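By convention in this document, chain letters (A, B, ...) are assigned in the order of the sequence lines, proteins followed by strands, and residues within each chain are numbered from 1. All figures in this text were calculated on a predicted structure; none of them were measured in a lab.
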There are 2 protein chains.
Amino acid sequence: MVRWQPGARERLQAAALERFAAQGFEGTTVAEIAATAGLTERTFFRYFADKREVLFAGQDEFERLFVDGIARAPDADPMGLVAAALEGATTFFAEERRPWSRARQVVIDADPGLQERELLKLSGLAAAMTRGLRHRGVDPIPAALAAESGVAVFRVAFGTWIAEGEERSLIDIQRAVLAELRTVVDGQPVG
Amino acid sequence: MVRWQPGARERLQAAALERFAAQGFEGTTVAEIAATAGLTERTFFRYFADKREVLFAGQDEFERLFVDGIARAPDADPMGLVAAALEGATTFFAEERRPWSRARQVVIDADPGLQERELLKLSGLAAAMTRGLRHRGVDPIPAALAAESGVAVFRVAFGTWIAEGEERSLIDIQRAVLAELRTVVDGQPVG
DNA sequence: GGCGTCATGTCAGCTGCTGACATCACTGTA
DNA sequence: TACAGTGATGTCAGCAGCTGACATGACGCC
């Protein structure tokens with residue numbers, strides 16, 4: 001007879017996603033999530049810094065893929081390094097992850113508080129990529145622009161990847177979106 | 001003898017910025033801000049949806065400048081429309097606004113919660129610009145990419161504008177950053 | 001002179017979140 | 001076998017953010 005069931009963290013995450021999907025983020029209390037997982041509110045806050053974080057924990061690896069991609073890419077211009085990072089990060093989003101990503105995104109898109117957290121995480125990703133580019137000798141402003149552009153490509157590609165009916169892999173979509181970005185920015189100014 | 005002093009909203013905003021600068025965002029309670037402004041906590045929440053919003057209210061006009069810039073620009077490619085929007089929006093940031101923007105940004109940069117709100121506002125700006133571009137006949141993905149790129153340019157330029165010792169106008173900085181973006185995305189080595 | 005309006009105040013209450021301390025199965029060791 | 005230490009969890013009290021319901025009172029209008 002064990003005192004605690006294992007996997008408390010995972011149980012809390014699963015319980016949270018399920019409850020949020022059923023009742024919305026604001027309509028779910030932390031005590032409720034914890035009870036669903038067979039734990040108490042206090043324990044929830046030992047695993048997650050706040051109520052929103054339960055949907056975002058574990059993205060450190062995701063960020064690391066981007067940064068490693070930049071560090072390991074062969075010498076190239078800034079956007080080439082970013083392209084390498086984008087390619088490397090797609091391993092995080094295997095096909096079997098798509099349904100889960102969809103469910104999670106539905107919950108996030110329904111709550112501004114969760115959108116804020118998602119944006120903060122992506123902003124942190126851009127900052128990390130900027131540091132990686134700086135480390136490869138890129139000047140500050142080009143580094144920031146390349147990193148922000150890379151994140152923009154990722155966001156648009158990811159949104160397409162989880163769109164209903166979409167079947168292409170994330171890596172294929174990303175390549176198409178990156179090409180589209182080059183075309184768009186290449187346009188001549190008018191006025 | 002009047003029952004209430006006028007300008008409750010502005011008094012609350014000024015009190016909040018002053019307290020946040022002095023004690024930090026988390027170190028300041030809403031009751032404290034309200035008391036500083038000669039009001040009660042309940043009244044604070046009648047003017048601002050939450051504690052963070054007191055630093056962000058009134059940016060509707062700012063967003064409108066961008067959207068109007070896109071709507072009124074002469075026909076051009078997507079990035080040309082975005083460039084027009086960027087130019088139009090700089091009127092919002094006149095020289096006399098620079099010290100205030102700096103003080104406000106110091107407070108925001110010191111608190112992740114405030115950064116989240118700022119990112120949400122910028123995300124809303126990108127969404128509005130995307131809609132404006134769609135209205136001008138731009139396809140969804142190019143519209144999103146051009147809008148996100150425009151916001152990235154604005155962010156980098158604004159950050160430079162409020163940097164210590166910087167004296168160029170925002171519009172000049174923005175033009176330089178936009179040019180830099182074209183170079184970076186074009187695949188030129190930088191740094 | 002009375003009456004409605006409306007910005008503000010008062011009060012009670014929920015929820016997110018935290019610090020301090022208790023519990024108790026499990027583990028290693030004498 | 002006894003027993004102290006460890007560590008995940010529970011209990012409890014409390015603060016701060018935020019909200020709904022209702023009260024107040026100066027002002028303008030008829």
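Partner of A:Val151 under the side-chain contact (heavy atoms from CB on, under 4.5 Å) criterion, out of A:Thr130, A:Leu125, A:Val82, A:Val156: A:Leu125 alone.
Atom CD of A:Glu41 is separated from atom P of C:dG19 by 14 Å (rounded to the nearest Å). The separation between A:Lys51 atom NZ and D:dC18 atom P is 13 Å, rounded to whole Å. Across the protein-nucleic acid pair, B:Phe45 atom CZ and C:dT10 atom C1' stand 16 Å apart, rounded to whole Å. In this structure, A:Arg9 atom CZ and D:dT9 atom P are separated by 11 Å, rounded to whole Å. Here the P atom of nucleotide C:dG16 and the CZ atom of A:Phe48 are 15 Å apart, to the nearest Å. Taking atom CZ of residue A:Arg11 and atom C1' of nucleotide D:dT9, one finds them 11 Å apart after rounding to whole Å. Protein atom CZ of A:Arg42 is 13 Å distant from nucleotide atom P of D:dT11, rounded to whole Å. Rounded to an integer number of Å, the gap from B:Arg117 CZ to D:dG17 P is 14 Å.
Positionally, the nearest nucleotide of DNA chain C for B:Gly38 lies more toward the 5' end than for the other of B:Gly38 and A:Glu26.
A distance of 6.0 Å or more separates the ring centres of B:Phe56 and B:Phe48.
Proximity of B:Phe44 to B:Val54: side-chain heavy atoms (C-beta onward) are separated by under 4.5 Å at one or more points.
Nucleic acid contact for A:Ala31: none, since no nucleic acid atom lies under 4.0 Å from a heavy atom of the residue.
Set against D:dG17, C:dT15, C:dA7, the side chain of B:Thr29 has D:dG17 as its closest nucleotide. For A:Asp50, whose side chain is taken as the heavy atoms from C-beta onward, the closest listed nucleotide among C:dC17, C:dT8, C:dG16 is C:dC17.
For A:Thr40 and D:dG10, the shortest distance from a side-chain N or O to OP1 or OP2 is below 4.0 Å. The side chain of B:Tyr47 places no N or O atom within less than 4.0 Å of a non-bridging phosphate oxygen (OP1 or OP2) of C:dA7. OP1 or OP2 of C:dG9 has at least one side-chain nitrogen or oxygen of B:Thr43 nearer than 4.0 Å.
Aromatic ring pairs are classed by plane angle as parallel below 30°, tilted from 30° to 60° and perpendicular above 60°; the pair A:Phe25 and A:Phe20 is perpendicular.
Taking both residues in full, the closest heavy atoms of B:Trp161 and B:Ser169 are given as CD1-C, 3.9 Å, listed atom of the first, atom of the second, then distance.
Checked by distance alone, A:Arg46 brings a side-chain donor or acceptor within 3.5 Å of a matching partner on the base of D:dG10.
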